[in-house]
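Within every chain, numbering begins at 1; the chains are lettered A, B, ... in the order of the sequence lines, protein sequences first and strands thereafter. In what follows, every heavy atom counts, from backbone to side chain, and hydrogens, waters and symmetry copies are set aside.
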Protein chains: 4
Amino acid sequence: MFNKIILIGRLTRDPELRYTPQGVPVASFTLAVDRPFTNAQGQRDADFVDCVAWRKLGETVGNHLTKGRLVAVEGRLQIRGYTAQDGNKRRVAEVIIDTLRFLDAPKSSPSSVAAHNHEVTIPPDDVPF
Amino acid sequence: MFNKIILIGRLTRDPELRYTPQGVPVASFTLAVDRPFTNAQGQRDADFVDCVAWRKLGETVGNHLTKGRLVAVEGRLQIRGYTAQDGNKRRVAEVIIDTLRFLDAPKSSPSSVAAHNHEVTIPPDDVPF
Amino acid sequence: MFNKIILIGRLTRDPELRYTPQGVPVASFTLAVDRPFTNAQGQRDADFVDCVAWRKLGETVGNHLTKGRLVAVEGRLQIRGYTAQDGNKRRVAEVIIDTLRFLDAPKSSPSSVAAHNHEVTIPPDDVPF
Amino acid sequence: MFNKIILIGRLTRDPELRYTPQGVPVASFTLAVDRPFTNAQGQRDADFVDCVAWRKLGETVGNHLTKGRLVAVEGRLQIRGYTAQDGNKRRVAEVIIDTLRFLDAPKSSPSSVAAHNHEVTIPPDDVPF
DNA sequence: TTTT
DNA sequence: TTTT
């Protein structure tokens, strides 16, 4: 009924941009998200979270994100079941993102992209009634 | 750079639906959100948070939400400055919502509405590459 | 660097409460979280998200949560790698929760539990300076 | 029943650290949070959000945060009513934070502080059962 | 398989 | 009253 995840982390490598047979763009990448505490060996582990971006956001991701970039993403956690070659059921966890923000960039390039923000023309907030 | 708020609470009264001079729908309502602890008198206070929904979501809110309903909303916190009649500057805090979910409804009516979800036709997740 | 997930869903079965060899309580359960849209067959899928609660929160979960209950949880997404019996590496995604709220309960039982809230004695907000 | 806000922004000035009559530390500061879109004049507005940190986190904030720093904060939105000198009721919106993360720092100083994390000694995730 |  |  509600499923929202927010991550800040760095790309472990360049995203992969692919297209479905119907031509829908989809980008995938992995974020390294440092844990908030150190482990028993005194080191800071990270969670490596697979992320997916569809359509316009996918193209933006595929064309502008690169390995090592620090980003904030927002989306939902999706658990997908599938049957492996050995006949066993397995599950895959992915974050389907709908917003992405660059956190380490020069202000030149677009610093915020959302799934549909190309159509968002928000009226002034102080609209007089 | 990032501004996300998630609230679960009940409408203190029916929403007000208005239109800007340009005809853009905008609904406003207040959520009572119980605090997670009791106060010095052993009572549970609530925060009364003003919320605003624009456009299609505003119309949905204006037409389907009613006093007392339990909802989850998602949006951003906006702080708006203005000059009062007495010449003093004041500030207004509002949550501009982009998603709303009913939490106490029978499953009949639409249980989730988002700013642009009328156009979201998400491709199957297990698309084969 | 930042890892926050918020889910609302229903328990697919009663939680399991276990203890580490050192006696630390840990509860695990699965939440069914309806997706915000319907699939190609017009049905609403759900994500089945494994959740884990440690220590005091784990005990509360183990003793008070039951199958079918509607809850909101907050926590972080953890991706854990391990080597399976067949020698292959696999990964497990779990949400380590730090807060849990009942959303369908009569107000009798505790309606909000957090990792450390037994020690939270928040001073009045309107403390005069 | 649920109230969670996550902000990324920069301090507009150094925090103020005060103490209640009972000696409880409380720090206050304002975050400038850029809006995700440009206004009618093509400029990017910001929301100036007042934040409050109590106790240990308040002291950390008071001692380590400075004007211009980029941080992520997590907390709850609190709406406080009061009666002004002119007898009118007014409302104040503040974010009571429980976590703070530095986003622009050298890795030298502690990069993550939470309300109670000095007592969090999380057991290994892969504890064998 | 992993980022700074 | 506002940050980069």
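Of the listed nucleotides (E/dT2, E/dT4, F/dT3), F/dT3 has the atom at the smallest distance from the side chain of D/F48. Residue A/D34 places its side chain closer to E/dT3 than to any other of E/dT2, E/dT3, F/dT2. The side chain of A/R13 lies closest to E/dT2 when the candidates are F/dT3, E/dT2, E/dT4. You'll find that the side chain of D/A46 is closest to F/dT3, out of F/dT1, F/dT3, E/dT1.
Remark: side-chain polar atoms of C/D47 are not paired, donor with acceptor, to backbone N or O of C/V49 under 3.5 angstrom. No donor-acceptor distance shorter than 3.5 angstrom exists from the side chain of C/N3 to the backbone of C/R76, with no hydrogens or angles considered.
Rounded to whole Å, the distance from CZ on A/R101 to P on F/dT4 is 19 Å. Rounded to an integer number of Å, the gap from CG of A/D50 to C1' of E/dT3 is 13 Å. Across the protein-nucleic acid pair, A/L11 atom CG and E/dT4 atom C1' stand 12 Å apart, rounded to whole Å. Rounding to whole angstrom units, CG of residue A/L31 and C1' of E/dT1 are separated by 15 Å. Following rounding to the nearest Å, D/Q43 (CD) and F/dT3 (P) show an atom-to-atom distance of 14 Å.
The shortest distance between side-chain heavy atoms of A/K4 and D/K4 does not fall below 4.5 Å.
Within the structure, every side-chain polar atom (N or O) of A/K67 is placed at least 4.0 Å from both OP1 and OP2 of E/dT2.
Take D/R91 and apply the salt bridge (Lys or Arg N to Asp or Glu O under 4.0 Å) test, not counting sequence neighbours, and it matches B/D50.
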